[in-house]
Amino acid sequence: MEVRVRYAPSPTGLQHIGGVRTALYNYFFAKANGGKFILRVEDTDRERYSDESLQDLYDTLDWLGIEWDEGPVVGGPFGPYIQSERFELYRKYAEQLVKDGKAYYCYCSPERLEKVRQEQIASKSEYQGYDRHCANLTDEERAEYERQGIKPVIRLRVPTEGSTTFHDVLMGDITRRNRDVSPDPILLKSDGFPTYHLANVIDDHLMGVTHIMRAQEWIPSGPLHILLYKAFGWEPPVYCHLPMVMGKDGQKLSKRHGSTSVRDFRTKGYLPEAIINYVTLVGWSLDGSTEIFSKQELEKCFRMENIHKKPGIFDYKKLDWFNGYYIRACEDERLASLMTPYLQEAGFISKEPSEDEKALVMKLVGPCKERMKVVSDVVELSRFLFEDKPVEDVGVYVAKGSDEESTFKALERGSKILISGLEAGKEEQEIEEELVALSKELGIKVNGVFQPIRVGLTNSTVSLPLFDSIRLLGMDETKRRLGRAIGILEAIHG
RNA sequence: GUCUCCUUCGUCUAGUGGUUAGGACAUAGGGUUUUCAUCCCUACAACGCGGGUUCGAUCCCCGCAGGAGAUGCCA
């Protein structure tokens with residue numbers, strides 16, 4: 001039997017880490033088993049739906065390189081794959097259930113339901129949920145409600161006796177007494193749209209879904225779904241409930257923990273490889289020691305059995321580590337093009353970069369590569385090139401173990417060695433050795449010579465390596481800034 | 001309140017009826033280095049608690065505690 005899985009998000013917000021991981025697991029499971037990965041849009045909540053969310057869904061999957069075999073845009077044999085376009089279908093099935101006596105019309109107002117709920121809470125009633133007020137209306141009562149123009153909902157008749165069990169690949173058998181299953185949940189809302197439970201079961205069945213991998217928060221409604229499959233006389237699929245992704249405090253990951261939308265991470269300069277690799281590892285592992293996985297590898301080695309039961313806490317620092325790793329592994333050309341938008345945003349280079357600017361960005365890649373956690377770090381690393389704010393504070397030029405006098409000499413003589421050396425076409429290593437010799441002569445540490453030069457050139461004690469900085473600045477600018485730095489130290493010395 | 005699920009270093013995890021309980025991130029220290037970073041080395045650090053079963057339990061069983069989720073005309 002062919003494996004068919006689906007990712008079925010609701011476009012009511014930006015795609016977040018938890019959702020994307022569900023998508024990834026489904027996608028990898030399909031690939032590893034030569035199956036099909038289906039994308040289905042569950043847009044039955046008309047209140048919260050937004051076009052932006054739908055677009056974000058497509059953009060995010062696109063960016064991650066997750067292609068769906070069937071779904072919106074690409075189509076497929078069981079379409080449409082957007083639930084709002086399947087509107088009529090759900091009503092038909094719901095009404096069939098009513099005809100079969102497995103569901104019924106309910107005319108209760110939201111206000112009444114709320115009142116019932118409040119009373120149950122207030123009385124600490126053991127029984128919580130709908131009181132089945134409309135479960136056995138007579139034809140006359142129904143007709144009266146209809147006359148009043150009340151739009152009914154359709155509720156499932158949940159048995160009050162017995163229990164329902166379903167099997168979960170990870171959890172084993174999960175059993176719930178029927179009296180503990182949500183009493184008579186709504187299947188079709190008064191606006192004619194189905195609820196999640198109805199639409200989900202119908203579509204999974206009609207689309208031939210064989211395995212359902214979804215978040216653990218759905219476990220409690222598992223029995224309800226089984227009841228629905230039974231009511232329709234359908235065979236339920238294999239279930240596998242995924243551990244949730246939590247924040248530092250052990251609560252469901254949310255915005256107060258930091259970024260949660262993939263768009264946020266993308267904007268900050270995270271690479272899709274890093275997101276895929278790390279997110280997959282929260283709740284899944286191959287062998288406990290392999291950490292680096294490419295998407296292609298995961299498409300081969302992903303096993304459902306290796307998914308964990310325990311919810312995982314999302315560790316931003318470990319993500320950073322992965323991202324740094326992937327930045328270092330990134331091709332120069334690609335990294336340059338990833339860096340470009342940040343440099344443009346900062347106003348460092350133009351929207352239509354000239355050939356010179358492009359060449360400069362390429363030169364920036366090497367020195368920045370080892371130093372970025374996220375691509376946006378390039379802005380701070382390269383700021384000295386585009387914004388020249390000389391350091392006026394003499395103390396900054398003085399390295400640890402040196403003093404103002406030695407620093408001045410080191411800068412003055414070091415600059416000469418540097419410039420004449422470069423102009424004579426000497427090897428950098430040779431120049432470096434001469435600078436080291438100078439430090440010895442002055443009786444200061446090596447950095448006592450390099451620091452004032454670096455501060456003079458990059459306006460900061462923390463900078464890219466000296467010779468890289470010079471290459472980026474160019475000879476003329478190097479001379480200018482060195483001359484100016486000498487001036488600053490000289491002036492203060494009188 | 002009721003129901004369901006979960007429990008190995010701070011975090012992600014490996015693992016076994018007898019192991020020095022392994023790896024990675026983080027943290028701390030050190031080395032390489034012109035700063036930063038990279039890279040390398042070292043250290044720190046865990047089987048939730050209580051009962052069983054057993055010659056022996058982190059591992060098997062039962063309680064407990066703690067955590068999470070669900071309990072919507074949201075998914």
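We name chains A, B, ... by the order of the sequence lines, and we start the count at 1 in each one.
Under 3.5 Å, the side chains of A:Arg454 and A:Ser463 contain a donor-acceptor pair of N or O atoms. In this structure, a donor-acceptor pair under 3.5 Å is absent between the side chains of A:Asn26 and A:His211. In this model, a donor atom of one side chain and an acceptor atom of the other lie less than 3.5 Å apart for A:Tyr90 and A:Asp203.
With a 3.5 Å ceiling on both atom-pair distances, the Watson-Crick or G-U wobble partner of B:rG29 is B:rC41. In this structure, B:rU58 makes no Watson-Crick or G-U wobble pair, since no nucleotide meets both defining distances under 3.5 angstrom. Under the Watson-Crick or G-U wobble criterion, with both distances below 3.5 Å, B:rU7 is paired with B:rA65. Pairing for B:rU20 is absent, with no Watson-Crick or G-U wobble pair whose two atom distances lie under 3.5 Å. The partner of B:rU35 cannot be assigned: no Watson-Crick or G-U wobble pair with both contacts below 3.5 Å exists in any strand. Across all strands shown, B:rU71 is found opposite B:rG1 as a Watson-Crick or G-U wobble partner, with both distances under 3.5 Å.
Side-chain contact between A:Leu54 and A:Leu57: present, with at least one pair of heavy atoms (C-beta onward) separated by less than 4.5 Å.
Nearest heavy-atom pair, A:Cys240 versus A:Met304, reported as atom, atom and distance to 0.1 Å: SG-CG, 3.7 Å.
Between the C1' atoms of B:rG50 and B:rC12, the separation comes to 29 Å (whole Å).
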For nucleotides 26-39 of chain B, 5' to 3', base contacts (B), sugar-phosphate-only contacts (S) and non-contacts (-) with protein non-hydrogen atoms under 4.0 Å give S-------BBBBSS
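Residue contacts shown for A:Thr12 are absent, as no nucleic acid heavy atom lies under 4.0 Å away. Base engagement by A:Cys108 is indicated by at least one non-hydrogen atom pair under 4.0 Å involving a base atom. Counting any heavy atom pair closer than 4.0 Å across all strands shown, A:Ser460 reaches no nucleic acid atom.
Where A:Thr175 and A:Pro220 each meet RNA chain B at their nearest nucleotide, the meeting point lying more 5' is that of A:Thr175. Nearest-nucleotide mapping onto RNA chain B: of A:Trp218 and A:Leu319, the residue sitting toward the 5' end is A:Leu319.
Applying a 4.0 Å cut-off to non-hydrogen atoms, the residues of residues 240-256 of chain A that approach RNA chain B are A:Met244, A:Met246, A:Gly250, A:Gln251, A:Lys252, listed by residue number. Taking a 4.0 Å limit (strictly below) on heavy-atom distances, residues 281-291 of chain A reaches RNA chain B at A:Leu281, A:Val282, A:Gly283, A:Ser285, A:Asp287, A:Gly288, A:Glu291.
Between the CZ atom of A:Arg179 and the P atom of B:rU4 there is a distance of 11 Å, given to the nearest Å. In this structure, NE2 of A:His197 is placed 11 Å from C1' of B:rC73, rounded to the nearest angstrom. Going from atom CD1 of A:Ile307 over to atom P of B:rU13 covers 12 Å, rounded to whole Å. Nucleotide B:rC3 holds its P atom 10 Å from the CZ atom of A:Arg176, rounded to whole Å. What separates CZ of A:Phe166 from C1' of B:rA70 is a distance of 12 Å, to the nearest Å. Between the CD1 atom of A:Ile186 and the C1' atom of B:rC73 there is a distance of 4 Å, rounded to whole Å. In this structure, CG of A:Asp320 is placed 19 Å from P of B:rA24, rounded to the nearest angstrom. Rounded to whole Å, atom C1' of B:rC73 lies 12 Å from atom CG of A:Leu198.
The A:Leu113 side chain lies nearest to B:rC73 when the options are B:rA75, B:rC12, B:rC73. Residue A:His308 has its side chain nearest to B:rA14 when only B:rA14, B:rC3, B:rA75 are considered.
The aromatic rings of A:His225 and A:Trp218 are tilted relative to each other, their planes meeting at an angle between 30° and 60°. Relative orientation of the A:Phe302 and A:Phe28 rings is tilted, given thresholds of 30° and 60° on the angle between their planes.
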Report the C-alpha distance between A:His241 and A:Phe166 in whole Å, list the side-chain angles of each, state the deciding distance to 0.1 Å, and finish with yes or no for ring pair (Phe, Tyr, Trp, His ring centres under 6.0 Å).
CA-CA 12 Å; A:His241 287 90; A:Phe166 74 99; 5.8 Å; yes
Between A:Phe314 and A:Tyr278, does a ring pair (Phe, Tyr, Trp, His ring centres under 6.0 Å) hold up when you go through it step by step?
CA-CA 9 Å; A:Phe314 189 80; A:Tyr278 177 61; 5.3 Å; yes
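Residues A:Trp321 and A:Tyr316 keep their aromatic ring centres 6.0 Å or farther apart.
A salt bridge does not link A:Lys189 with A:Asp45: every distance from a Lys NZ or Arg NE/NH1/NH2 to an Asp or Glu carboxylate oxygen is 4.0 Å or more. Using a cut-off of 4.0 Å between Lys/Arg side-chain N and Asp/Glu carboxylate O, A:Glu432 and A:Lys426 are scored as not salt-bridged.
Identified under the side-chain hydrogen bond (donor to acceptor under 3.5 Å, both in side chains) test for residues 436-448 of chain A, with sequence neighbours left out: A:Arg413-A:Glu441, A:Asn447-A:Gln451.
For A:Arg263, the side chain to side chain contact (heavy atoms under 4.5 Å, CB included) partners two or more places apart in sequence, or in a different chain, are A:Leu14, A:Glu52, A:Asp56, A:Ser261, A:Thr267.
A cation-pi arrangement, defined by a distance under 6.0 Å to the six-membered ring centre and an angle within 45 degrees of its axis, is absent between A:Arg155 and A:Tyr105.
When the options A:Ile38, A:Leu39, A:Val41 are evaluated for a side chain to side chain contact (heavy atoms under 4.5 Å, CB included) with A:Tyr81, the one that passes is A:Ile38.
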Provide a list of protein-nucleic acid N or O atom pairs under 3.5 angstrom, restricted to nucleotides 16-18 of chain B.
none

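Between A:Lys309 and B:rA68, a side-chain N or O to OP1/OP2 separation shorter than 4.0 Å is absent. Between A:Lys310 and B:rU11, a side-chain N or O to OP1/OP2 separation shorter than 4.0 Å is absent.
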